[in-house]
Amino acid sequence: MIGIYVHVPFCESKCIYCDFASFVCGEQKIYFDCLRQEIEKCEQKGQKVDTIYFGGGTPSVVCEKYIADTLGYIRKNFDVSKNSEITIECNPNSASLEKLKFYRSIGITRVSFGVQSLNDKVLKFLGRKHNKKEAISAIQYAKKVGFENISADLIVGLPNVSSSMLCSHAKKLVDAGVTHISSYMLQVEEGTPLFKMCTENPQLLPSEEECAESFSKLVKTLQQCGFVQYEVSNFAREGNESKHNLKYWSGENYLGFGLSATSTFDNKRWTNGKTFKSYYNGEREVELLGNREKIEEKIMLGLRCYLGFKLEEIEKLGYKLTSNKNFQTLLEKGVIYESEGKIHINPKFYSVNNQIITKLLP
Amino acid sequence: MNRLEKIRNFCIVAHIDHGKSTLADRLIELTGSLAKRDMQDQLLDSMELERERGITIKLTPTRMLYEFEGETYTLNLIDTPGHVDFTYEVSRSLTACEGAILIVDASQGVEAQTLANAYLAIDNNLEILPVINKIDLPSARPDEVKAEIEDIVGVPAMHAPCISAKDGTNIDQVLEMIVKEFPSPKGDENGKLKCLIFDSYYDNFKGAICLIRVFDGKVKVGDKIKMMQTGKVFDVTEVGIFTPTAKPTEYLLAGDVGYLAGSIKTISDVAVGDTITHADAPTDCALSGYKKVQPVVFCGIFTVDGAKYNDLKDALEKLKLNDASLEYQPEVSDALGFGFRCGFLGLLHLEIITERIEREFNLDIITTAPGVFYNVHKTNGEMVVISNPSNLPSPVEIEYIEEPVVKASLFTPPEYVGAIMELCQDKRGIYKDLTYLDKTRVRVDYILPLGEIIYDFFDSLKSRTKGYASFDYEMAGFEKSELVRVDILLNGDKCDALSLIVHKDKAYSRGRAIAEKLKKIIPRQLFEVPIQAAIGNKIIARETISAMRKDVLAKCYGGDISRKRKLLEKQKEGKKKMRQIGSVEIPSEAFMSILKLDDDK
């Protein structure tokens, strides 16, 4: 079973921190035509699929018809299982009751809202188009139309958002009915308006200490709400984990369609062109994955989430992890643990996973 | 005129940076020994490192031909290293000469090493020719400097040429004076062979090469020669002169300066200062003044990547070929694994060697804090020499410890005398003397523990005197001292590579300073790491590195995986530069940084 990702590179406006492949203008019809051709020409056609994910950009800003058509092409060209998890990312302001109803009607099972914060001033600062009220009602609409799997994004490390404010936002989202929360640190990427702001005012963002504090409080709050931190930055009620994202983390095959989308299939990973022009020309960046890369990714991804990785698999690829001194030390200290042949991270140490991973890499 | 009368053997001595190598270049240029197109600045400094630092480490002699009043004179210039670490080399090359050009900077005047080197030259009975350099500088004060030379050094200087080696001004005057003022060499061409080895280097094809000055007799290819100190006998395979590139000749005669090769496999068979004679017709007495050079500064050298131990060994062996004064022996550290304890002539020598290992052999190395050697007298009457703090016997076994001391002369404008005395007191110095050389310069003499000098003394001196003071020292035996070993514990584990021996009155403050410094240098780890300084079982300082709180929480979906993997690979690469002590990772610079504690204050 593989996963399919579809990139929708359109947005109503650009947020100050965003460096993703998304554009405010661009001809949607041409894009979706090209997307259709890409799906139809795909070498891996006919594969069994059980997760589909529309990400962006903002998939909810394009005409619903395009989403429905694209989903149709995927179903036509692949063996999409009946119980598939099909997700669409939405911005709260572009997710009307009608739109959500439509998504539901074409078989979408999961919505992910880019809420980011529930403070109107902060949202405005970020360049988001929605406010707190719209965010809460979008979640309620989704619930109303029958979505049982609702996710929201929440950014950690925003200016003027205290840790208690962050936690109250999380609680409000849970109360409104989300079953899943993704929470990433605000990252300052070069070339974004935020980058410029931070260069001009280095005190703009909270310190590393404050971010760490906020995040650890958020973890506690969500735990109290019955959410499990199943990945470094992802929390869900049991059974509501993102199956699609777990495919990335367990090293399974996935295909990505659309501008800038990445696919990984067996020993090959490729990424489509990141501009309309290069995408339309069929430009791709290809990377071959050898044993070393595979080992590294298995360890890295496995320790970022609750899945862990199989010791045996790593050894088969040629790396005897058990002879790594660090491995024994980390086991003794309880940073990682072994269970049924798999190595897992102690969730307490999710926040320093990079340190642990680098210690274990070959 | 006979052959000897047309030879002049001379050297140039000066304080660092007063323009020695630049003048040498000008002399070579003017005598046409080298086509201008082959000129590279500072010809004689042949090592890349020497040119970069603008200092001379290895000696290089040059033969120049100079026409004067219808006669062609052979001028042999022997360049000398200017740094105090290499005093013995300087004194040997001086022995090979009859005259010395004493360069003094026209604005800075007489400095510590001007005097030290001038005295060395005088001790060797050389004729001294003062030269005032850098007269192109706006701050030049040649007349005052001439007076200074007469007052302080005690050499007539009123007729000293005033030159600018940089611009090439008045260089001809210097050449003329060399011929007129310096005596020609004495010697008997028909006597028994007597040559001085004043330097040596290793050539991959020819073996060890001796740089020699012939005092009596004649040496040619095929001769059987004997080293009088080592007693080793070799067949001469090549003799020649430097122009400044090596050029073979048929023979070398009394009065000549040149080189000699004899398929000598090990450089230690060639001892600087030794006398070469014919094996079958030896001279009666060797030249005097031979001394075995002793290293005075020691440190451990380890590779960052433990697997490269053999590469390090190789590098040291190769460096030793060209530098007989480098000493090393294998050492094992709990913290750093296999490495070497190396002995150097001084801190500069240490720096040069470590830099050459990194550059020429492309090895990442960790050096532990430099230290000196101690005579440890044990209660059982035995005396051991310790250069590695870890080897210090336990306090109950020690009767007393002696540490090496130096006689230090500091030259300074009078306004900094207070600052200098304060510094020397702080470094446990014993005041000896204070002399007003003139209105603007004072000489202060102290006896100082060598161990204190290698610990940031030079930098402190420069900063306390705004760079005006200069400093020179010579070894002056041993003194009893109350010394203790301070150990550093990381997370409760002793890190042997961080131990050091200090005076007991300073142990507390040094221990605390090191703990503070390490706290800054060691990155946060997964767990809290206590850093302790201890004397025996007594903890004298403690700092704590708090546990790391978080990594950046960035997403890791389809397209991010490769990027994230590469990022982690890079981090992992970075960690290779870290040393693991117990469960604590330490960056390699930590081991050296404990020496530079005052930087941050």
Side-chain angles (χ1 to χ4, degrees), chain A residues 3 5 7 21 53 55 156-157 182-185 187 208-209 211-213 215-216 231-234 244-245 247-249 251 254-256 260-264 269 271 287 289 292-293 296-297 299-301 304-305 325-326 329-330 333 335 349-359 361-362, chain B residues 304-307 334-338 490-493 495 519-520 522-530 544-588:
Chain A
Y5 174 80
H7 191 70
Y53 195 103
V156 180
S182 298
S183 188
Y184 293 102
M185 213 78 87
Q187 272 185 288
E208 200 188 298
E209 267 307 302
C211 293
E213 188 61 32
F215 192 78
S216 67
E231 195 250 9
V232 170
S233 296
N234 284 279
H244 183 78
N245 290 339
K247 279 206 188 320
Y248 296 129
W249 303 327
Y254 55 88
L255 295 172
S260 84
T262 299
S263 310
T264 301
R269 176 170 299 148
T271 301
E287 186 190 0
L289 302 172
R292 188 190 167 86
E293 287 77 21
E296 288 176 344
E297 289 187 0
I299 295 175
M300 168 180 102
L301 297 168
R304 282 179 63 90
C305 66
K325 259 199 298 187
N326 292 328
T329 321
L330 291 174
K333 298 218 171 193
V335 177
F349 291 95
Y350 269 139
S351 59
V352 288
N353 69 89
N354 280 350
Q355 297 301 311
I356 298 160
I357 294 163
T358 43
K359 275 176 192 284
L361 290 184
Chain B
V304 171
D305 177 359
D334 295 338
L336 299 173
F338 291 99
L490 298 171
N491 206 15
D493 297 326
C495 177
K519 185 182 174 178
K520 278 188 208 151
I522 300 175
R524 288 171 166 209
Q525 322 258 322
L526 287 177
F527 304 94
E528 185 180 280
V529 177
T544 307
I545 304 172
S546 49
M548 176 182 231
R549 292 295 301 274
K550 65 149 189 67
D551 296 323
V552 177
L553 298 169
K555 48 170 100 149
C556 188
Y557 299 132
D560 311 315
I561 296 176
S562 288
R563 194 173 42 172
K564 179 89 188 160
R565 188 192 72 234
K566 283 171 192 161
L567 208 73
L568 290 173
E569 281 169 2
K570 225 182 189 172
Q571 278 186 19
K572 164 101 189 163
E573 234 8 74
K575 284 214 170 163
K576 281 196 182 152
K577 300 215 162 176
M578 305 274 247
R579 273 302 169 135
Q580 188 122 14
I581 312 294
S583 55
V584 186
E585 281 170 340
I586 309 185
S588 23

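Any value given below was found using the heavy atoms of this structure, including those in side chains, with hydrogens, waters and symmetry copies removed. Chain letters run A, B, ... following the sequence lines, proteins first and then strands; every chain starts at 1.
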**Item:** A:Glu293 vs B:Lys564, salt bridge (Lys or Arg N to Asp or Glu O under 4.0 Å): CA-CA, chis, key distance, verdict
**Value:** CA-CA 11 Å; A:Glu293 287 77 21; B:Lys564 179 89 188 160; over 6 Å; no

**Prompt:** Does the pair A:Leu361 and B:Gln571 meet the rule for a side chain to side chain contact (heavy atoms under 4.5 Å, CB included), with working shown?
**Reply:** CA-CA 10 Å; A:Leu361 290 184; B:Gln571 278 186 19; over 6 Å; no

**Request:** Let me see the working for B:Arg565 and A:Glu287 under salt bridge (Lys or Arg N to Asp or Glu O under 4.0 Å), right down to the final yes or no.
**Result:** CA-CA 13 Å; B:Arg565 188 192 72 234; A:Glu287 186 190 0; 2.7 Å; yes

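Using a 4.5 Å cut-off between heavy atoms, A:Thr264 does not touch chain B at all. A:Ser263 does not touch chain B: none of its heavy atoms, backbone or side chain, sits under 4.5 Å away. With a threshold of 4.5 angstrom between heavy atoms, A:Lys325 does not approach chain B through any atom at all. Heavy atoms of A:Ser260 lying under 4.5 Å from chain B are absent altogether. A:Leu330 touches chain B through its side chain: at least one heavy atom from C-beta onward sits under 4.5 Å away, while N, CA, C and O do not. Neither the backbone nor the side chain of A:Tyr5 has a heavy atom closer than 4.5 Å to any heavy atom of chain B. Using a 4.5 Å cut-off between heavy atoms, B:Gln525 does not touch chain A at all.
Here the closest heavy-atom approach between residue B:Phe527 and residue A:Val335 is recorded as CZ-CG2, 3.5 Å. Here the closest heavy-atom approach between residue B:Lys572 and residue A:Thr358 is recorded as CD-O, 3.2 Å. For the pair A:Met300 and B:Ile561, the tightest heavy-atom approach, listed with the atom from each and the gap, is CE-O, 3.5 Å. For B:Cys556 against A:Leu301, the heavy-atom pair with the smallest separation is SG-CD2, 3.7 Å.
The environment of CZ in B:Arg563 is sparse: at most 12 heavy-atom neighbours from other residues, nucleotides or ligands sit within 6.0 Å. Residue B:Phe338 qualifies as open at atom CZ: its count of foreign heavy atoms under 6.0 Å is 12 or below.
Ring-plane geometry between B:Tyr557 and A:Tyr248 is classed as tilted, the angle between the planes lying from 30 to 60 degrees on a 0 to 90 degree scale.
With a 4.5 Å cut-off on side-chain heavy atoms, B:Leu567 and A:Asn354 do not count as touching.
Between the CD atom of A:Gln355 and the CG atom of B:Leu568 there is a distance of 9.5 Å, given to the nearest 0.5 Å.
Applying the ring pair (Phe, Tyr, Trp, His ring centres under 6.0 Å) test to A:Phe215 and every residue at least two apart in sequence or in another chain returns nothing.
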